Each structure stands twice: as structure tokens, then as C-alpha cells.
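From a predicted model like this one, the values you see are computed outputs, not experimental measurements.
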Amino acid sequence: MKSLFLRVNDTLYRGCIWVAGLSVLAMTLIIPWGIFARYILGTGSSWPEPVAILLMVVFTFVGAAASYRAGAHMAVSMATDRLPPPLRAGVSVLVQVLMILVCLFMTWYGAKLCITTWNQFLASLPGVRVGMTYAPIPIGGLLTLSFVLEKLMLGDQSHRKVVRFDLVEENEGAA
């Protein structure tokens, strides 16, 4: 069961990295196109800016989940590092429980927001439902929840090969 959970989370992690990376790549192509179309061609397109914003939302919520699993998410540990080890372990569990609450909040209220706004359409992109634009919130909440539960049950997984690309690069250089 443990290995299945780890394999599923490894797959989710890889998916998060790909989705976040492709979102950034698409943004880097769309924004210059919008600038080129407006100032060189003289025909400003209305779609580049809202699409870039939507991609930024996807990158933010999906990338944050991957960042959490990799142990690269911002954390302030100055106070907890000075605690005695038994108290530090208790605070660590408390932090994970609070993270679960945040993830549940994001998932529940993000899904409610999607459902509530599903029948509305974006003015700048008439084919896109407003509810779809909020979908990264509950999806990111579920992905992060999976990684938080993994950390709570199995410990920190940021040392795994799938997460530590720098270890893979070092091993490839040695071959």
C-alpha cells in the first residue's frame, strides 16, 4: 500500500511539474505575441492577456503543490528550529494538520466557487466559463492535500529521486 501511494504521488508530482512548466512556457510565448501584434502589426489581440493570467493561476496552484512535495515551498522555521526535538516533532505534526485544513478549505470553497460561477462566461474569452478559470484552486488543494498526507504518514519525500533532479544530473555526469 505504501509503495502504491508513493508511486501515485510520484506520478502526480511529475504531472504537476509538467503542467506548471508548460504553463510558464505558454506564457512566455503568448505575452510576446500580444506585444508583437499590438505594436508591430497594429492589431491588438484581446486574448493574450487573459490567457496569460489564466496560465499564471494554473502555474501558481499546481506549481505550489509540487513545490510543497519538493520541500521548496517557503517556510519560516526560525522559531521551530530552536525548539527541543520532542516539541519540534509535535509542532511539525501541528503544521501538517493546519496544512490539511488549508487544503480542505481550498478544495471545498474552490469547488463551490467553480460551481457557483459555472454558468458565467469571460467577457474577453466568450468560450471560457468563469468556473473553469477557478478550477486550479480546488485541483491545487487536492494535489497539495495528497502530498501533505504523504508527508504526515510517510515522512518527508523531498529526497526521492523523482523529486531531486539535481541528483539525477550528478549521476548522469558521473556515467
| request: Carefully, step by step, assess Met99 and Thr144 under the rule side-chain contact (heavy atoms from CB on, under 4.5 Å). | output: CA-CA 9 Å; Met99 279 298 298; Thr144 307; 4.0 Å; yes
Does a side-chain heavy-atom distance below 4.5 Å link [X] with [Y]?
{"X": "Thr60", "Y": "Pro136", "value": "no"}
{"X": "Cys114", "Y": "Tyr134", "value": "yes"}
{"X": "Thr107", "Y": "Ile139", "value": "no"}
{"X": "Trp33", "Y": "Leu41", "value": "yes"}
{"X": "Tyr68", "Y": "Tyr13", "value": "no"}

Heavy-atom count check: over 12 atoms from other residues, nucleotides or ligands less than 6.0 Å from [X] [atom1]?
{"X": "Glu49", "atom1": "CD", "result": "no"}
{"X": "Met153", "atom1": "CE", "result": "yes"}
{"X": "Arg38", "atom1": "CZ", "result": "no"}
{"X": "Phe5", "atom1": "CZ", "result": "yes"}
{"X": "Trp47", "atom1": "CH2", "result": "yes"}

Paired with Met27, the side-chain contact (heavy atoms from CB on, under 4.5 Å) test is passed by just one of Val51, Leu55, Val58, namely Leu55
Scanning both residues in full, the closest heavy-atom pair of Asp156 with His159 reads O-CE1, 2.9 Å
Go through the steps to decide whether Asp10 and Arg69 satisfy the test salt bridge (charged side-chain N to carboxylate O under 4.0 Å, His left out), and finish with yes or no. CA-CA 10 Å; Asp10 287 348; Arg69 186 175 197 224; 2.8 Å; yes
Short side-chain to backbone donor-acceptor contact, [X] and [Y], under 3.5 Å:
{"X": "Thr133", "Y": "Val130", "result": "yes"}
{"X": "Ser23", "Y": "Val19", "result": "yes"}
{"X": "Arg129", "Y": "Phe121", "result": "no"}

Fill in: Worked check of side-chain contact (heavy atoms from CB on, under 4.5 Å) between Leu12 and Ser146
CA-CA 9 Å; Leu12 287 175; Ser146 179; 3.9 Å; yes
So CD1 of Ile100 and CG of Leu149: to nearest 0.5 Å the spacing works out to 5.0 Å
Separation between CG (Asn9) and CD (Gln157), nearest 0.5 Å, reads 8.5 Å
Check your understanding: For Leu142 and Cys103, what are the C-alpha separation, side-chain angles and deciding distance, and is it a side-chain contact (heavy atoms from CB on, under 4.5 Å)?
Key -> CA-CA 7 Å; Leu142 283 174; Cys103 292; over 6 Å; no
**Message:** What verdict does the side-chain contact (heavy atoms from CB on, under 4.5 Å) test give for Lys151 and Phe147, after you've listed the backbone C-alpha separation in whole Å, the side-chain angles of each residue and the deciding distance to 0.1 Å?
**Reply:** CA-CA 6 Å; Lys151 188 171 187 176; Phe147 297 146; over 6 Å; no
